[in-house]
Number of protein chains: 2
Amino acid sequence: MAATIRDVAKAASVSKSTAAYILSSSPNFQTLPETRKKVLEAAQALGYRRNAIAVALSSGQINAIGVFLPLQMGDHEKGRSLLYFKEVLAAVAGAAARRNLRIMPILVDQSRTLTGQDLSDQWVDRLIVTFPASPETFAALEAANLPCVGFGSASGRHTVEADNRGGAAAAIDYLVSLGHQRILHYSHDPGSTANHQRREGFLAAMDRHGLTVSAKQAIIPDNRRDELRRRFGLPPGERPTAVFAYADAYAVQVMDIAHDAGLRVPQDISVIGFDDGAVAVLTRPKLTTVVNPLETMADACLDLLAALHRGEEPPAGPLIPTTLTIRDSTAPAPP
Amino acid sequence: MAATIRDVAKAASVSKSTAAYILSSSPNFQTLPETRKKVLEAAQALGYRRNAIAVALSSGQINAIGVFLPLQMGDHEKGRSLLYFKEVLAAVAGAAARRNLRIMPILVDQSRTLTGQDLSDQWVDRLIVTFPASPETFAALEAANLPCVGFGSASGRHTVEADNRGGAAAAIDYLVSLGHQRILHYSHDPGSTANHQRREGFLAAMDRHGLTVSAKQAIIPDNRRDELRRRFGLPPGERPTAVFAYADAYAVQVMDIAHDAGLRVPQDISVIGFDDGAVAVLTRPKLTTVVNPLETMADACLDLLAALHRGEEPPAGPLIPTTLTIRDSTAPAPP
DNA sequence: TTGTATGCGTTATCAG
DNA sequence: CTGATAACGCATACAA
């Protein structure tokens, strides 16, 4: 058993409260130097570390954040496609470390509705949900009465979102500035909130540039790869010259399919992604992509949670700005 | 404030103990059905959820694992190169979820010696260290008297390691079976334990196949990329025909450099990695690589920690077997 | 400055 | 089968 404050007090021959006072207060509190020294030395000798559980119970402060993540993230095979969540977790962990907050990743089966029990078993006093959970789940979270904010494409009462529309628009603007006109959007289906927003941004930007197209014509869902292949096989004058992919991982697919079709990236076709995750610099050519600012989002998320935890009811947070990082997968449109 | 067991007891007009007894025991415990019903209904009505903190304090059971990770993992730019740790964290999180254990990622500055304070004051009752920490750090951890095991290339009293030597040997065996003879090892310098083990496996396997080479000749550290470029520029008869990279991320570098040198992978040169992380299926061609079985390692790690926590002193765990996954970055040696 | 008493929400050990 | 009482380790009044 670890040493308790009582052991320390006994060893220093003072009362528990005295020991507690000295051990818990800042070093420049007023106290008899000799008493302080005795206590500190005893604590040192006994290897005393305060019991955070007891502190939490007594003070009512937990200061730990539960982070809900898809269960499959921990799966070797399936986890591959869920790199995004690992990066989210890392970003949240980093932000929490900067604030001396604890985090607790909680892996849950996405298909299952969370119950209050799932929460109460955890030692957290606020929550981050990173994926689109069911309304029932959110109801349970509300009922649990824990501050809870959705990260990215999660739905819910409070959310922190990137400017997906703006990011998509910036991508299209850039492509248009390079002379591209036949631009496709390669997307995930069915999509999350972020997915829809990027799609809207794409369509709006195309419209703005007078490149109006029907969504059906310009948006290829990832379950229709054959259609993408077919488009890539069209003669140069009809073939798309650029593809804006929903996410980096999808951009990789696009590059693969383009390569298989005998097209060179970026000479024959430009590809642009979204996220700027680890993959973005691993592909060849390196990926031009919209930065999904996970770090900034994590910071905003924790700030929002802190406010909620203090009992404030902050307004809907502003969108986190996205920026375009230009690398090597984009080039001027072929003549 | 959430409802406590006392509120439930009062509402059901029984004593706290009775309520606790009914609420905490399995449903088929013997108790008067009507009392049970009263209590359960009251609990339901009040939205009672037991306080996990109080449970922990009272029972003395924490069942939470601290996972030490490099601080930079949460950094957008630097985090890119630390994908490995994100995958480790995900694997540990998955394994913990299967066992109903809580985990707490703790991001620490690698260069700093850890103190008892970093243990988040007893929020956890066992530890995983995922990177090579300093001896002083391990001493502090020992002093904290918490079961602690190193994951992968971490050093320490207890560790769970993959069969790095065997994996490296399997890679070389496979290359040799494809007719390769001039094989390089592209490695990280200075290296971790895993690094050294893979290097040893490489050298031993080369020896075994009668391809004895000096380490200086056959091992290129990643801070000497120019040397790798030079080798790739040699005439076909002297040029290496295969490279075994220390890790997938390094295999990507090798492929890039090979590509820049005008070599085709795998026709002109075969590349083989280590880890089988998410990147392995994102590269083009897809990477042949040794599987670093993070999931299995995480399981072993938690088992070992559980044993230590029970007070057992288990023998050094066996190496976790590695396997080779053959994809598209390897081919028979050019004639 | 230091000691005493009480409470946090639960479990566990006893009596009744 | 139920109820009272004492821990668990600490914080927070309050009193000395």
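Just so you know, these numbers use all the heavy atoms, side chains as well, and skip hydrogens, waters and symmetry mates.
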| message | I want to check one thing: is the phosphate of D/dG3, taken as OP1 and OP2, less than 4.0 Å away from some side-chain N or O of B/Thr18? | response |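 For D/dG3, OP1 or OP2 has a side-chain N or O of B/Thr18 closer than 4.0 Å.
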| Hey, does the side chain of A/Tyr48 come within less than 4.0 Å of D/dC10's phosphate (OP1/OP2), counting only N and O? |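 It does, given that an N or O in the side chain of A/Tyr48 lies less than 4.0 Å from OP1 or OP2 of D/dC10.
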For the pair made of [atom1] in [X] and [atom2] in [N], what is the distance, rounded to whole Å?
X       : N      : atom1 : atom2 : value
B/Asn51 : C/dG7  : CG    : P     : 18 Å
A/Arg49 : D/dG9  : CZ    : C1'   : 14 Å
A/Ile53 : C/dT11 : CD1   : P     : 14 Å
A/Lys38 : C/dG3  : NZ    : P     : 8 Å
B/Ile62 : D/dC10 : CD1   : P     : 11 Å
B/Ile22 : C/dT11 : CD1   : C1'   : 15 Å
A/Gln61 : D/dG9  : CD    : C1'   : 17 Å
B/Arg6  : C/dT6  : CZ    : C1'   : 12 Å

| request: Please name the pair of heavy atoms, one in A/Thr130 and one in A/Pro70, separated by the smallest distance, quoted to 0.1 Å. | output: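 Taking every non-hydrogen atom into account, OG1-CD, 4.2 Å.
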| query | So does A/Glu313 pair up with A/Arg157, basic N to acidic O under 4.0 Å? | reply |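 Here A/Glu313 pairs with A/Arg157 in a salt bridge, since their nearest N and O are under 4.0 Å apart.
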| query | Do B/Arg80 and A/Glu87 meet the salt-bridge criterion of a basic N to acidic O distance under 4.0 Å? | reply |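 Here A/Glu87 does not pair with B/Arg80 in a salt bridge, since their nearest N and O are not under 4.0 Å apart.
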Identify which nucleotide among [options] has an atom closest to any side-chain atom of [X], counting heavy atoms from C-beta outward.
X       : options              : result
A/Ser58 : D/dT5, C/dG3, C/dG7  : C/dG7
A/Ser59 : D/dA4, D/dA11, C/dG9 : D/dA11
B/Thr35 : D/dT2, D/dG9, C/dT10 : D/dT2

| request: Classify the side-chain pair B/Arg99/B/Asn63 by whether it contains a donor and acceptor separated by less than 3.5 Å. | output: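 Short answer, no.
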| Which part of the nucleic acid, if any, lies within contact of A/Leu57, taking any heavy atom under 4.0 Å across all strands shown: a base, the sugar-phosphate backbone alone, or nothing? |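 The residue A/Leu57 makes base contact.
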| So A/Phe131 and A/Phe85, would you call those rings parallel, tilted or perpendicular, with 30° and 60° as cut-offs? |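 A/Phe131 vs A/Phe85 ring planes: perpendicular.
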| message | If you assign each of B/Lys16 and B/Ala54 to its closest nucleotide in DNA chain D, which residue comes earlier from the 5' end? | response |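 Looking at DNA chain D, the more 5' nearest nucleotide goes with B/Lys16.
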